[in-house]
There are 2 protein chains.
Amino acid sequence: MFQICQDRAMEKKDGKRRDKALSRDQVISAAIAILNESGESGLTFRTLAQRLATGPGAIYNHVQNKQDLLAAAADVMIQSALSVNRDELAPGAAIRAVALDVFDIIDAHPWVGMELSRAPWQPAMLLIFDRIGANLQALGVPDMAQFHAASTVTNFILGAAAQQAAAIRLHADGAQRATLLSAAARAAIHQDKKSSPFLQRMAGNLTEHDDREQFSAGVDLILRGISG
Amino acid sequence: MFQICQDRAMEKKDGKRRDKALSRDQVISAAIAILNESGESGLTFRTLAQRLATGPGAIYNHVQNKQDLLAAAADVMIQSALSVNRDELAPGAAIRAVALDVFDIIDAHPWVGMELSRAPWQPAMLLIFDRIGANLQALGVPDMAQFHAASTVTNFILGAAAQQAAAIRLHADGAQRATLLSAAARAAIHQDKKSSPFLQRMAGNLTEHDDREQFSAGVDLILRGISG
DNA sequence: ACCTGAACACCGTTCAAGT
DNA sequence: ACCTGAACACCGTTCAAGT
């Protein structure tokens, strides 16, 4: 559906003017390549221009600004993640599948999660909302309740996306996840001694749970609330 | 619990050196004042230094970096929002109250929502997690399930926080919320014609629902899943 | 019409020099 | 020990000049 094309970069060696075929799709796909390789901090109009063998200004002929660029990039990723046909699944299983597909793409490319939570009303987010909601009718949710049900699941996914993106970023920083998390928990607990009993009781789970399993359990829990 | 102090700014008029009493709390409270007045984009080490009548470098004597500053500011806001005693409430109502307190503070100060979703493992977030979890035992949730239940509610709150913060920011930009949202929805729908039937059916709700009611309904729905 | 890249108006952060 | 503010190494974005 979306071709990553890098050949443009090769033409940079000679100082000549490139063939003028720069398109919006090429800009977005180059941005995605940089984001996947170097993360959010690696994407700059200068690095992007270099990969496209042009000047920073040229990018603005195909993209409104950096927000627009990031939203378009995230949309491509989410569309690709949700392109698998799930029609054969039962409605509950289909919702679970959509949620896990989103989780997995964010797990693999944390910048997508950061971008979704930075601007929740972008096309990528509406696509997720639609795919969740499309299964509610078959699940037997009344018309009036479908909007609240879909938005609840979507908000949960959004929150988990931010959480997961941050977790991966911490991990990528080379720091031990357990160390950082328990340090944070300890700091919070320490701050007002014994006023955080639940946090203290859950310290072990916080540092050792499986993120994907936690996410999946959350989806199931919400589905139970929707169906019940 | 936390005093906003602005008197320091008054000393700036004369060119003399200020009395040296700059403290971490003063830096954070000045940052909060700027954030509440001008939003995220208004907070700069230069604007903050100006309000504190000092140089940008001085701030680093009391704060590690901007992330640290924002996390500390958000923590103050969340602590203040959750400082009301809810012990007399039934566990379900207490969880609802915590969630709505967080919603309201983000509604009033959208930068808090942005900050929470930027770094989900900061003290403010752990405090919310603790306050939610503290009511699960009384709600009759089994020990093993309490972690998943608390993290599900927390993730939902986090997602809604990002959503709400973005909504307020759009509104503050002077643009009509309905216009922008329906434009986004229309764009998403248009993109692949009739492949978004649910989004189309919900277009009206998307632009006209009440955010707080939607949030409250989401909390109720998850609570039903937890209890059921 | 589109590219080019220097220039503009900023950032967060550092650090020698002060007190 | 803490402040001061110029300087550093960047940003996103604009725009005259090219083709």
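The sequence lines fix the lettering, A, B, ..., with proteins before strands; numbering per chain opens at 1. Keep in mind that the numbers below use all heavy atoms, side chains included, and drop hydrogens, waters and symmetry copies.
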* Taking OP1 and OP2 of C:dC3, is either one under 4.0 Å from a side-chain nitrogen or oxygen of A:N61? -> yes
* Structure fact -> Mate of D:dC2 across any strand shown (Watson-Crick or G-U wobble, both atom pairs under 3.5 Å) is C:dG18
* Can you label the angle between the B:F198 ring and the A:F129 ring as parallel, tilted or perpendicular, going by 30° and 60°? => tilted
* Distance (rounded to the nearest 0.5 Å) between A:I59 CD1 and A:I28 CD1 -> 11.5 Å
* To do: Look through every strand shown and name the nucleotide pairing with D:dA7 as Watson-Crick or G-U wobble, where both distances are under 3.5 Å.
  => C:dT13
* Residue closer to the 5' end of DNA chain D, B:P56 versus A:Q64 (nearest nucleotide) -> B:P56
* To do: Would you kindly give the CZ-to-P distance between A:F45 and C:dC10, to the nearest whole Å?
  => 18 Å
* Structure fact -> Whole-Å distance, B:L70 CG to C:dG12 C1', equals 12 Å
* **Between D:dT13 (P) and A:I59 (CD1): distance, integer Å** => 10 Å
* Residue-phosphate contact under 4.0 Å: A:T54 side-chain N/O, C:dC3 OP1/OP2 -> no
* Which pair of heavy atoms, one from A:R24 and one from A:A72, lies closest together, and at what distance? -> NH1-CB, 4.1 Å
* To do: Mind calculating the distance between CG (A:L52) and P (C:dT4) to the nearest angstrom?
  => 10 Å
* **Rounded distance in Å - CG (B:N65) to P (C:dC11)** => 17 Å
* **Pair B:D101 + B:R131, salt bridge at N-O below 4.0 Å** => no
* **Candidate list B:I78, B:I168, B:V112, test side-chain contact (heavy atoms from CB on, under 4.5 Å), partner B:I106, passing option** => B:V112
* Can you tell me how far P of C:dC11 sits from NZ of B:K66, to the nearest Å? -> 8 Å
* To do: Send over the distance from B:I34 CD1 to C:dC11 C1', rounded to a whole Å.
  => 15 Å
* Asked: How is B:L69 classified with respect to the nucleic acid when contacts are heavy atoms under 4.0 Å: base, sugar-phosphate, or nothing?
  -> nothing
* Please give, in whole Å, the distance from D:dC8 P to B:R46 CZ? -> 14 Å
* Structure fact -> Winner on side-chain proximity to A:A58, out of D:dT13, C:dT4, C:dT13, is C:dT4
* D:dC3 phosphate, OP1 or OP2: any side-chain N/O from B:H62 under 4.0 angstrom? -> yes
